Amino acid sequence: MNGTRLPRMNLTSNVLDLFPCGLSEAEGTLSAGDERYRVKVNLERGKRVWARVIVCQGIEDDGRRREAFYEVARKGIESSEWAPLCVDPRDGETLYSATFNCDLSSEALDRFLGAARDFLECNHEELEQFLGGPNDGFNDAMKLDKLLDIFDIDDL
């Protein structure tokens, strides 16, 4: 990793490469086992930093989305290891996230990203059971976005 510096933030990461995508945002890809997950880091007004790993873009089936929501909530209550994971009940987007209300050091960001990677590697099979299969559509969308950027194409 190259230790890319985030815009308007004094953060770098040695766990993954972060690429600026706005004045106070950066994105990267976290490798956890054989899977890849999009990471977003945002600096909100003041000193609040929101770091999130997108585990699942969404769950279309209402019943499966509800079950995933309850399962993740139950596991979060039972184990602090699952506490950073959340499922949005509206669309099923699943995030491993944290909000830091202080100056965040690069070391703290790396600890968070390392914990996310370890969690996803250890719990991949269980997550796949109630969130669905691999995020192939998400990975394909990421590849398409990168290709559009490379060839400087605005929209399809």
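Given the structure is predicted, the values throughout are model-derived calculations rather than measurements.
For the pair Ser97 and Val53, the minimum side-chain heavy-atom distance is 4.5 Å or more. When side chains are defined from C-beta on, Val41 does not count as touching Glu25, because their heavy atoms never get closer than 4.5 Å.
When each of Val87, Val72, Leu131 is paired with Val55, the side-chain contact (heavy atoms from CB on, under 4.5 Å) condition holds for Leu131 and for no other.
Leu18 and Ser13 get closest at one heavy-atom pair: CD1-CB, 3.9 Å. What you find for Ile59 and Ala68 is that their closest heavy atoms are CD1-CB, 3.8 Å. In terms of heavy-atom proximity, Leu120 sits nearest to Ala32 at CB-CB, 3.9 Å. The minimum heavy-atom distance linking Arg65 with Asp88 is given by the pair CD-O, 4.0 Å.
The six-membered or imidazole ring of Tyr96 lies away from that of Tyr37, with a centre-to-centre distance of 6.0 Å or more. Note: Phe100 and Trp50 fail the aromatic proximity criterion, with ring centroids not under 6.0 Å apart.
A donor-acceptor pair under 3.5 Å links the side-chain atoms of Asp110 to the main chain of Asn14, judged by distance alone. Distance alone, capped at 3.5 Å, is enough to place a donor-acceptor pair between the Asp61 side chain and the Arg64 backbone. Of the possible donor and acceptor atoms, none in the side chain of Ser79 sits under 3.5 Å from a partner among the backbone N and O of Ile77.
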Might you work through the salt bridge (charged side-chain N to carboxylate O under 4.0 Å, His left out) test for Glu71 and Arg74, ending with a clear yes or no?
CA-CA 5 Å; Glu71 183 67 13; Arg74 181 185 66 77; 2.6 Å; yes
Just do the side chain to side chain donor-acceptor pair (under 3.5 Å) check on Asn42 and Arg52 with the steps written out, would you?
CA-CA 9 Å; Asn42 295 75; Arg52 60 197 186 279; 2.6 Å; yes
Kindly determine whether Lys75 and Glu81 satisfy salt bridge (charged side-chain N to carboxylate O under 4.0 Å, His left out), including the steps that lead there.
CA-CA 9 Å; Lys75 287 185 169 294; Glu81 177 182 66; over 6 Å; no
Worked verdict on Leu16 versus Thr29 for side-chain contact (heavy atoms from CB on, under 4.5 Å)
CA-CA 7 Å; Leu16 56 86; Thr29 303; over 6 Å; no
Walk me through whether Arg38 and Glu27 qualify under salt bridge (charged side-chain N to carboxylate O under 4.0 Å, His left out).
CA-CA 7 Å; Arg38 180 175 275 174; Glu27 291 187 11; 3.6 Å; yes
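Atom CD of Glu125 has 12 or fewer heavy atoms from other residues, nucleotides or ligands within 6.0 Å.
Classification of the Trp82-Phe130 ring pair by plane angle, with boundaries at 30° and 60°, yields tilted.
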